[in-house]
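Just so you know, ligand 1 is whichever comes first in the structure, and atom 1 is the first atom listed for that ligand. Source: prediction; values computed, not measured.
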Amino acid sequence: MRERRTAEPYKIKTVEPLAMLDENERKEALEKAGYNTFLLNSQDVYIDLLTDSGTNAMSDKQWSALMMGDEAYAGSKSWYKLEEAVREIYGYKYVLPTHQGRGAENLLSQMKVNPGDYVPGNMYFTTTRAHQEMNGGTFVDVIIDEAHDSQVELDFKGNVDLDKLKRLIDEVGADKIPYVCLAVTVNMAGGQPVSMKNMRDVYELCQQHGIDVMYDATRCVENAYFIQEREAGYADVPVKKILKEMFSYSDGCTMSGKKDCLVNIGGFLAMNDEDLYTRSRELVVVYEGMPTYGGMAGRDMEAMAQGIYESVDDNYIKHRIHQVRYLGDQLIEAGIPIVRPVGGHAIFLDAREFLPHLEQEQFASQALAAALYLDSGVRSMERGIVSAGRNKETGEHNRPKLEMVRLTIPRRVYTDNHMDVVADSVISLYEKRDQIQGLKMDYEPPTLRFFNARFSPLSGNDLIK
Ligand SMILES: *Cc1c(COP(=O)(O)O)cnc(C)c1O
């Protein structure tokens with residue numbers, strides 16, 4: 001019998017026409033951007049899979065909520081709505097608004113990380129690690145080894161290796177570990193989830209040693225869906241309830257509202273400890289704004305409160321995860337090397353396997369992202385040696401095991417037909433992969449270099465010979 005198809009659990013009320021440049025125009029745009037997809041103008045992009053950060057489509061209810069925004073400088077009623085939404089859905093006692101996720105990371109790192117400290121985490125995230133290091137801390141990766149292998153099929157590839165964490169505690173002592181940063185899901189591992197059991201185990205171990213567990217909750221709803229889908233005992237539990245249990249195994253979280261809260265800007269820091277809250281309130285006014293807006297407009301907070309409730313709708317999150325998988329399955333079927341299993345928010349092309357003729361210093365991932373834009377106007381992002389930056393002591397490139405190109409799917413923005421167009425382009429590049437050449441870096445910024453670095457093809461003008 002024919003398999004029954006499914007479709008988006010929403011219909012379209014407003015449309016935004018897309019740019020469709022021809023190949024010469026794309027080539028010109030790419031050269032102007034220094035072969036860095038971050039430096040392309042969005043008006044030159046057809047399907048924008050650079051990031052799912054702040055690129056969410058809001059619902060009609062969110063757009064109407066904007067009109068309800070209370071723009072009072074202090075005590076805005078929109079803040080109290082947002083605070084209530086976070087308390088109800090996430091379960092923390094105290095919440096502070098920030099302009100986006102890194103605002104919360106800054107506050108947390110400033111309060112808790114001291115020079116000589118170690119901050120264990122399940123793989124690094126760029127801005128998270130940058131804040132830890134700016135405060136004198138050293139990030140320590142305690143994710144399971146399998147997470148660094150793009151081909152190992154595991155249900156919960158974002159899990160913490162408890163032995164690694166125990167070893168670190170033994171080596172440096174619990175007083176040198178201000179908190180464990182647990183990302184749910186793990187962006188840099190390909191959007192891989194953490195199991196409920198692992199969250200429980202990490203929390204138990206940390207409690208034994210008096211170490212706080214702070215979640216990077218940015219993609220927590222996606223993580224909750226994977227638990228519903230894969231972990232024994234959760235198949236019939238609503239995502240909303242799973243989420244609550246997840247957060248019960250932590251002391252607080254940083255949140256980028258630009259991802260799972262279904263808005264375009266905003267974030268928060270949440271916690272259960274009153275003392276930490278009091279100190280955070282003092283810092284938030286220095287860096288973000290009053291504790292009742294923290295860098296957001298009243299209307300932003302209204303939209304985010306509404307987005308938080310919509311994000312835990314089981315139909316929404318199911319389609320979200322399945323749309324990503326729909327693209328991934330087409331690529332797998334065509335033999336394209338991608339990170340397995342497909343994660344929550346993106347497809348990660350394995351650039352080492354895709355372009356085996358290129359060395360890591362020839363920036364294979366960057367070259368592949370550029371080639372994809374050239375082929376079809378699809379914008380993706382490098383996640384490899386460029387993103388990993390340099391070692392702060394030796395000045396050498398950090399050399400991540402994974403060299404990837406990330407195709408990130410914005411929430412509720414594109415249809416499954418757009419996914420077909422993307423699949424066709426990647427497959428066509430794979431067929432002529434030996435013609436794609438490497439890049440050299442012509443300009444390297446000192447921090448977070450991937451945003452502004454400029455490149456050019458290693459030899460000759462044509463990226464694809
Ligand atoms: C996006 C992101 C952040 C940072 O949030 P911003 O809102 O971009 O500052 C932190 N952690 C993870 C996992 C993210 O995906």
Side-chain angles (χ1 to χ4, degrees), residues 38 49-56 82 86 90 96-110 113 119-134 139 141 143 147 157-158 160 179-194 213-224 226 246 250 252-270 284 287-289 294-296 300-301 303-304 307-308 311 320 324 343-348 381-383 387-388 402 404 406-411 447-448 450-451:
F38 275 102
L49 307 185
L50 183 74
T51 174
D52 63 341
S53 176
T55 53
N56 299 315
L82 175 57
V86 176
Y90 293 75
L96 282 167
T98 60
H99 73 286
Q100 56 185 83
R102 71 198 67 185
E105 292 170 348
N106 174 39
L107 300 180
L108 179 68
S109 299
Q110 285 212 28
V113 181
V119 189
N122 48 348
M123 211 175 266
Y124 82 99
F125 185 74
T126 52
T127 59
T128 318
R129 188 177 67 185
H131 282 295
Q132 293 161 359
E133 289 179 348
M134 274 161 60
F139 165 80
D141 191 2
I143 203 166
K157 228 173 146 179
V160 167
Y179 60 94
V180 171
C181 177
L182 189 71
V184 292
T185 61
V186 186
N187 188 345
M188 299 301 265
Q192 302 297 335
V194 179
V213 176
M214 304 297 290
Y215 284 179
D216 180 339
T218 300
R219 300 161 185 290
C220 59
V221 185
E222 291 165 4
N223 201 110
F226 284 117
M246 283 167 54
S250 70
C253 78
T254 56
M255 182 74 192
S256 169
K258 304 172 72 171
K259 323 302 178 24
D260 271 1
C261 296
L262 294 172
V263 284
N264 305 118
I265 193 72
F268 60 81
L269 174 66
V284 83
Y287 290 96
E288 304 289 319
M296 280 183 279
D300 297 336
M301 296 190 286
M304 191 158 143
I308 286 173
S311 73
R320 155 78 178 152
V324 176
H345 63 292
I347 301 301
F348 290 74
M381 178 197 289
E382 192 266 5
R383 283 277 110 136
S387 295
L402 301 178
M404 304 188 291
R406 193 179 81 182
L407 305 165
T408 333
I409 317 302
R411 296 170 185 77
T447 48
L448 299 178
F450 56 95
F451 283 127

Point to revise | Passing option when Asp260 is tested against Arg411, Arg219, His345 for side chain to side chain donor-acceptor pair (under 3.5 Å) | key: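 Passing option: Arg411.
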
Quick check for you: to the nearest 0.5 Å, what is the distance between [X] atom [atom1] and [Y] atom [atom2]?
| X | Y | atom1 | atom2 | result |
| --- | --- | --- | --- | --- |
| Met304 | Leu262 | CE | CG | 10.5 Å |
| Leu407 | Leu50 | CG | CG | 10.5 Å |
| Met255 | Ile308 | CE | CD1 | 7.0 Å |
| Lys259 | Asp52 | NZ | CG | 6.5 Å |

Review point. Any chance the rings of Phe268 and Tyr90 have centres within less than 6.0 Å?
Key: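 Yes; Tyr90 has its ring centre under 6.0 Å from that of Phe268.
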
Show the atoms of ligand 1 that are less than 4.0 angstrom away from any heavy atom in [X].
| X | result |
| --- | --- |
| Arg102 | 5 (O), 6 (P), 8 (O), 9 (O) |
| Arg219 | 15 (O) |
| Lys258 | 7 (O) |

Exercise for review: Have a look at Glu105 and tell me which of His131, Gln132, Met214 forms a side-chain contact (heavy atoms from CB on, under 4.5 Å) with it.
Suggested key: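 So, applying the side-chain contact (heavy atoms from CB on, under 4.5 Å) to Glu105 and each of His131, Gln132, Met214, only His131 qualifies.
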
Nearest-neighbour protein heavy atom for [atom], which is reported as residue plus atom name and distance:
| atom | answer |
| --- | --- |
| atom 3 (C) of ligand 1 | Phe125 CE2, 3.4 Å |
| atom 10 (C) of ligand 1 | Glu105 OE2, 3.1 Å |
| atom 15 (O) of ligand 1 | Lys259 NZ, 2.9 Å |
| atom 4 (C) of ligand 1 | Thr127 OG1, 3.7 Å |
| atom 13 (C) of ligand 1 | Asp216 OD2, 3.3 Å |

**Study point:** Heteroatom proximity flag, Gln100 to ligand 1, N/O under 3.5 Å
**Key:**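 Indeed, backbone or side chain, Gln100 has an N or O that close.
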
**Study point:** Heavy-atom nearest option to atom 7 (O) of ligand 1, drawn from Ser256, Gly267, Cys261, Ala183
**Key:**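 Answer by nearest heavy atom: Ser256.
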
